[in-house]
There are 2 protein chains.
Amino acid sequence: MLNYSTSEENYIKAIFHLQRQDGTVTTNELANELKTKPASVTDMMKKLKVKKLLNYQPYQGFRLTNEGNKVALGIIRRHRLWEYFLAEKLKFSWDEVHEVAEDLEHVSNKKLIDKLDEFLGFPRTDPHGDPIPDANGRIEMSKKICLTEMELNTIAIVSSVSDQSSEILELLEHKKIAIGTKLEVKKKFDFDNSMEVKIGRQPAFTISNQLAENIFVLSN
Amino acid sequence: MLNYSTSEENYIKAIFHLQRQDGTVTTNELANELKTKPASVTDMMKKLKVKKLLNYQPYQGFRLTNEGNKVALGIIRRHRLWEYFLAEKLKFSWDEVHEVAEDLEHVSNKKLIDKLDEFLGFPRTDPHGDPIPDANGRIEMSKKICLTEMELNTIAIVSSVSDQSSEILELLEHKKIAIGTKLEVKKKFDFDNSMEVKIGRQPAFTISNQLAENIFVLSN
DNA sequence: AAATAATTTTAGACAAAACTAAAAAAATAA
DNA sequence: TTATTTTTTTAGTTTTGTCTAAAATTATTT
Ligand SMILES: [Mn+2]
Ligand SMILES: [Mn+2]
Ligand SMILES: [Mn+2]
Ligand SMILES: [Mn+2]
């Protein structure tokens, strides 16, 4: 596996995440995600195409090639292992780990990452509940759904949270919701799309639609 | 404290180490140390002078300012803490840690480093025996001397090793010499400058001049 | 279908960090 | 004290990654 610059890696990772949602990624989307300008994106897309990491025809949007996806999974593996390390070993809080991991992920020494993985006990998910690819780039693609799509009176486990701000963390901590919490949706209100949920035998409480949209669960 | 590029940091750290030995550092010396060209060094010296990290007049050599020294100690703190982490927690061997720390040292997040320090139990020295600056940039400047300068029949503790190759590591392991080992020089031979040393009550054994020159001890 | 708007690409410029080759200054030898 | 050698700096390029402004293409309205 070749080595890529910090800038190239940031583009590759962003494309990987965006194409999960959209299939093919557009110039403006990516520029917006990376807080850069469309012209810069086009420049980089040409470079990544030459390196065979990207399928790209002018004006047609882009997708990573198989090789590009492999590279992306390597970066995501590093990012999430460092996030786990920061939260678990250095006692960083949930909303602080992403920013630091954004830098650490670019130190790409295979032995370092594999030994870190071992030291951490081969964790399966990062502090936000997202799965960590293994040393071969394999990742558990669990069919997680948004809390808003859950059927009434079924129990599901909170698996991840898409917003990673300190504001959502404050709210989740107050409501005692964390990765792994078992939730049951008791009611949905059409007026504001709020819902009432229960944790175990405790009394039901209300969750706003904004919050529910950022909570993802594993239904079985 | 401002932020500096990876390249700037590598120059700052190299100047710091070279001026420890020489007082003032020359263009060729630094180019040689960083495996770059003299012209590149001159360019960077101008930049560091503008940033007030360096005292530099054309053709006169250079020294770090107080501010420059502070920045250097920050980089060295990061480098040595990561080296300790790699050796102690990830079980890297002695000769592998430097290369990896060379990259990790440039992730400069104060909170990350201070929490890492705490997680590691505030280690005093890195795996090569070199002192780790504290959060305020203070460093223990122990008056260590080279093994070749030790008086006969006095005992001293091995405090650091200047060469960090796997070859010297192999030899030191074979001779059971490590950081902290108590050594007593019994004889010196003028012919080849080799010496006979003892560890505790074990029989004396021979050390070549090349090896002795790379071993530093703390004499009391 | 033509006009208008939005998106994307190109062209040209710039800053950082490196290099080579030539000029300038300092150190050393004759 | 000249002449020669060594060291250092300057001048001019190159590569990477960014930007603005203008042109080209595609999408949306009227
Ligand atoms: Mn990043
Ligand atoms: Mn995460
Ligand atoms: Mn470095
Ligand atoms: Mn060291």
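By convention in this document, chain letters (A, B, ...) are assigned in the order of the sequence lines, proteins followed by strands, and residues within each chain are numbered from 1. Model, not experiment: these values are computed from the prediction.
The aromatic rings of F62(A) and Y56(A) sit perpendicular, their planes meeting at an angle over 60°, well past the 30° parallel limit.
For DNA chain D, the neighbouring residues in residues 3-11 of chain A, judged by any heavy atom under 4.0 Å, are S5(A), S7(A), Y11(A).
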Inset, instruction - For each nucleotide in nucleotides 3-10 of chain D, reading 5' to 3', give B when a protein heavy atom comes within less than 4.0 Å of its base, S when such contact involves only the sugar-phosphate, and - otherwise. - result: ----SBBB

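Legend: salt bridge (Lys or Arg N to Asp or Glu O under 4.0 Å) pairs involving residues 83-100 of chain B, not counting sequence neighbours, sorted by first then second residue: K111(A)-E96(B).
Look at CG on L30(A): it is 11 Å from P on dT18(D), rounded to the nearest Å. M44(A) has its CE atom 10 Å from the C1' atom of dT18(D), to the nearest Å.
Here E102(A) pairs with K13(A) under the salt bridge (charged side-chain N to carboxylate O under 4.0 Å, His left out) rule; sequence neighbours left out. With sequence neighbours excluded, no residue forms a side chain to side chain contact (heavy atoms under 4.5 Å, CB included) with N32(A). Partners of E67(B) according to the side chain to side chain contact (heavy atoms under 4.5 Å, CB included) rule, which considers only residues two or more places apart in sequence or in another chain, are M1(B), L53(B), T65(B), K70(B), V71(B).
Neither OP1 nor OP2 of dT18(D) sits under 4.0 Å from any side-chain N or O of K37(A).
Ion pairing between a basic and an acidic side chain is recognised when a charged N comes within 4.0 Å of a carboxylate O; D117(A) and R77(A) show such pairing.
F92(B) approaches K115(A) most closely through the heavy-atom pair CE1-CD, 3.6 Å.
Using modelled atom types, one finds no donor on one side chain facing an acceptor on the other under 3.5 Å when comparing H106(B) with D103(A).
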